[in-house]
Undergrad: 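Take a look at this one; I'll ask things after.
What you see is a predicted model, and the numbers here were worked out from it, not measured in a lab. Both counts, for ligands and for their atoms, begin at 1 and track the order of listing.
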Amino acid sequence: MKTTISHIKADIGSLPGHTTVYGPVEEELRKYVTEHSRDLLDDFHISHIGDDLQITMVHNRGIDNAEIHGLAWEAFKAGTKVAKKAGLYGAGQDLLKDAFSGNIKGMGPGIAEMEITERKSEPFIVYMMDKTEPGAFNFPIFKMFADPFNTPGLVIDPNMHEGFRFEIWDVMEGKKIELSSPDQMYDILAMIGSKSRYVIKRVFTKESHEKLPDENVAVVTTDKLSLIAGEYVGKDDPAAIVRIQSGLPASGESLEAFSHPFLVSGWMRGSFNGPMMPVGMKDSKMTRFDGPPRVVGLGFTLKEGRLAGPVDLFDDIAFADARRKAIEMTDHLRRMGPFEPHRLPESEMEYTTLPKVLSNLEGRFTPIEDHINKEKLKEPVREVD
Ligand code: 13P
Ligand code: 13P
Ligand code: MG
Ligand code: MG
């Protein structure tokens, strides 16, 4: 029998700004899911990073299941009531629609789901990021499943030696493509380097994988970006599920992808680039300049639908230097204030409040063509020796 892991997340209000979730709201979510999941879920875990609440659910109803999505939606609605009562900032922020209509996709929350053949031991990691966008997972997921300098298993484990298949979404055009690593690695990189447009949605094993042929082994939330009501709606804090071990990246190979902070977009007002800092749950508060962007990793094993764990994986001195470097990068970038490339390029500011500011200046522009001597431009240019 197949097992499904569904991870659904939403920002339904935070305090004091976009810093962190409020304990009583998280408690309400836990209470709601506990009381309403008896016939639906085998197990679940509720957690958060920064201002995003996260529900990890285990069941056997497959992906895109109306009742599972409905449960998460109603739980977020119940949490929103508490958030509104407490006057939390942005209460109900990610619940974009009023009525649930069978699928939570396109309604605001982020969804990462996969249906799996449960192994004898089924270890996996749930990664949760705040103050960034789904494309922030491109770099670490590529490193885990395609970079032999990060993941030596790709070289020395015969089960990984054939590589993996990547499903990549063009979130601007609403199209997807599947490419194989290592043979099409350069094509993969040609796309996923443009992380605001091309995002890794899923990773699969190949048919030749001896232990786990043709299986979904990683999935990233991309839904809000994909197109809500036909429009690109900007950044959304992502999460991912990554299966590990036994012909897949080892736990440490997966975590290693976060050992050097890389730059991501979506910090402060969704408008700035900043370093991705790996932290334990105790540091999952977005403080300095509403960040810096952070990632938490929760490690689980799954057996016949029941979860063991989680282990708070980045709560470890071994990642202290990555955190220090991220803080150093923060200092460096912050001195640039509102200048690119700390601030996002103009093309990505289109979805922020900047166009309103610029539109106020429109009437004050005069053409500069008047000042250019067009005749002079027509004169032949002196030949260079
Ligand atoms: P398995 O391939 O047996 O899961 O373990 C490899 C490993 O964890 C080395 O660190
Ligand atoms: P969130 O996307 O985490 O709600 O943050 C928004 C923001 O503007 C932070 O500065
Ligand atoms: Mg928020
Ligand atoms: Mg957030």
Side-chain angles (χ1 to χ4, degrees), residues 7-23 25-26 29 46-55 72 76 79-80 82-84 86-96 107-112 126-137 171 195-196 199 220-226 228 232-240 263-279 281 283-298 330 333-334 336-338 342-344 348-357:
H7 186 86
I8 306 189
K9 48 116 347 218
D11 177 346
I12 53 169
S14 58
L15 81 167
H18 294 276
T19 310
T20 190
V21 300
Y22 184 44
V25 175
E26 187 166 337
L29 202 68
I46 288 180
S47 57
H48 71 268
I49 180 162
D51 57 6
D52 293 281
L53 281 164
Q54 318 260 341
I55 318 177
F76 286 130
T80 298
V82 178
K84 284 193 169 152
L88 294 194
Y89 191 70
Q93 177 183 293
D94 281 358
L95 308 186
L96 303 179
M107 298 188 72
I111 308 128
V126 170
Y127 290 105
M128 315 178 292
M129 291 179 175
D130 192 21
K131 303 301 177 264
T132 187
E133 59 178 348
F137 271 110
V171 296
K195 59 190 173 34
S196 59
V199 296
V220 181
T221 63
T222 49
D223 306 76
K224 189 170 162 189
L225 267 176
S226 67
I228 295 180
Y232 174 67
V233 290
K235 313 276 176 251
D236 190 33
D237 303 318
L263 287 177
V264 299
S265 51
W267 189 7
M268 180 50 82
R269 299 171 183 274
S271 307
F272 285 80
N273 285 307
M276 179 49 66
M277 181 161 81
V279 295
M281 284 301 295
D283 294 316
S284 94
K285 276 197 303 282
M286 315 309 287
T287 54
R288 184 170 176 193
F289 202 54
D290 285 359
R294 293 171 206 221
V295 56
V296 160
L298 299 182
T330 294
L333 287 165
R334 281 302 306 125
M336 295 191 69
H342 180 26
R343 202 213 68 191
L344 297 188
E348 291 186 46
M349 297 299 286
E350 212 178 298
Y351 310 103
T352 69
T353 46
L354 184 65
K356 280 188 202 133
V357 174

Undergrad: I'd like to know if the side chain of His48 and the backbone of Gln54 have a donor-acceptor N/O pair within less than 3.5 Å.
TA: no

Undergrad: Does the Asp94 side chain pair with the main chain of Ile12, one donor and one acceptor, at a distance under 3.5 Å?
TA: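 No, the answer is negative, given that no donor and acceptor are paired below the 3.5 Å cut-off.
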
Undergrad: For Met286, state whether at least one heavy atom is located under 4.0 Å from any atom of ligand 2.
TA: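 For ligand 2, residue contact (heavy atoms, under 4.0 Å) with Met286 is absent.
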
Undergrad: For Met268, take its heavy atoms, then give the atoms of ligand 2 lying under 4.0 Å from any of them.
TA: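 Near Met268, meaning under 4.0 Å from one of its heavy atoms, ligand 2 has 10 (O).
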
Undergrad: I need the atoms of ligand 2 closer than 4.0 Å to a non-hydrogen atom of Lys131, numbered in the order shown.
TA: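 Here the atoms of ligand 2 in question are 1 (P), 3 (O), 5 (O), 9 (C).
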
Undergrad: In terms of the angle between their ring planes, are Phe289 and His342 parallel, tilted or perpendicular, with boundaries placed at 30° and 60°?
TA: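 It falls in the tilted class, 30° to 60°.
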
Undergrad: Output the list of atoms in ligand 2 that are nearer than 4.0 Å to some heavy atom of Asp237, sorted by atom number.
TA: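 Counting atoms of ligand 2 from 1, those under 4.0 Å from Asp237 are 1 (P), 2 (O), 3 (O).
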
Undergrad: What atom name does the N, O or S atom of Asp130 nearest to the Mg ion (ligand 4) carry?
TA: OD1

Undergrad: Which atom name would you report as the N, O or S atom of Asp52 nearest the Mg ion (ligand 4)?
TA: OD2

Undergrad: Angle at the Mg ion (ligand 3), OD2 of Asp51 to ND1 of His18, rounded to 10 degrees, please.
TA: 100°

Undergrad: Any N/O/S atom from Asp11 (main chain or side chain) under 2.8 Å of the Mg ion (ligand 4)?
TA: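 No, outside the cut-off.
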
Undergrad: With rounding to the nearest 0.5 Å, note down the distance linking CZ in Arg343 to OG in Ser265.
TA: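 That separation rounds to 12.5 Å.
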
Undergrad: Has Asp290 got a side-chain atom pairing as donor or acceptor with Met268's backbone, closer than 3.5 angstrom?
TA: no

Undergrad: For Asp11, counting its heavy atoms only, list the atoms of ligand 2 lying under 4.0 Å from any of them.
TA: 4 (O)

Undergrad: For Asp130 and ligand 2, does the shortest N/O to N/O distance drop below 3.5 Å?
TA: yes

Undergrad: What protein heavy atom lies closest to atom 9 (C) of ligand 2? Include the residue and the distance to one decimal.
TA: Asp290 OD2, 3.3 Å

Undergrad: Give a yes or no answer on whether the side chain of Asp237 reaches the backbone of Thr132 with a donor-acceptor pair at less than 3.5 Å.
TA: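 Between the backbone of Thr132 and the side chain of Asp237 there is a qualifying donor-acceptor contact (under 3.5 Å).
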
Undergrad: Can you list the atoms of ligand 2 that are under 4.0 Å from a heavy atom of Gln93?
TA: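 Numbered from 1, ligand 2 contributes 4 (O).
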
Undergrad: Of all N, O or S atoms in Asp237, which has the smallest distance to the Mg ion (ligand 4)?
TA: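 Nearest to the Mg ion (ligand 4) within Asp237's N, O and S set: OD2.
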
Undergrad: I need the minimum non-hydrogen distance between Pro293 and Met286, along with the two atoms involved.
TA: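 Closest approach of Pro293 to Met286, heavy atoms only: CA-CE, 4.0 Å.
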
Undergrad: Please list the nearest protein heavy atom to atom 7 (C) of ligand 2 with its residue and the distance rounded to 0.1 Å.
TA: His18 CD2, 3.6 Å

Undergrad: Looking at His18, is its backbone amide N or carbonyl O close enough to the side chain of Lys131 to form a donor-acceptor pair, meaning the two atoms are under 3.5 Å apart?
TA: yes

Undergrad: Any side-chain to backbone donor/acceptor pair from Arg294 onto Asp283? Under 3.5 Å, distance only.
TA: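 Side chain of Arg294 to backbone of Asp283: a pair is present.
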
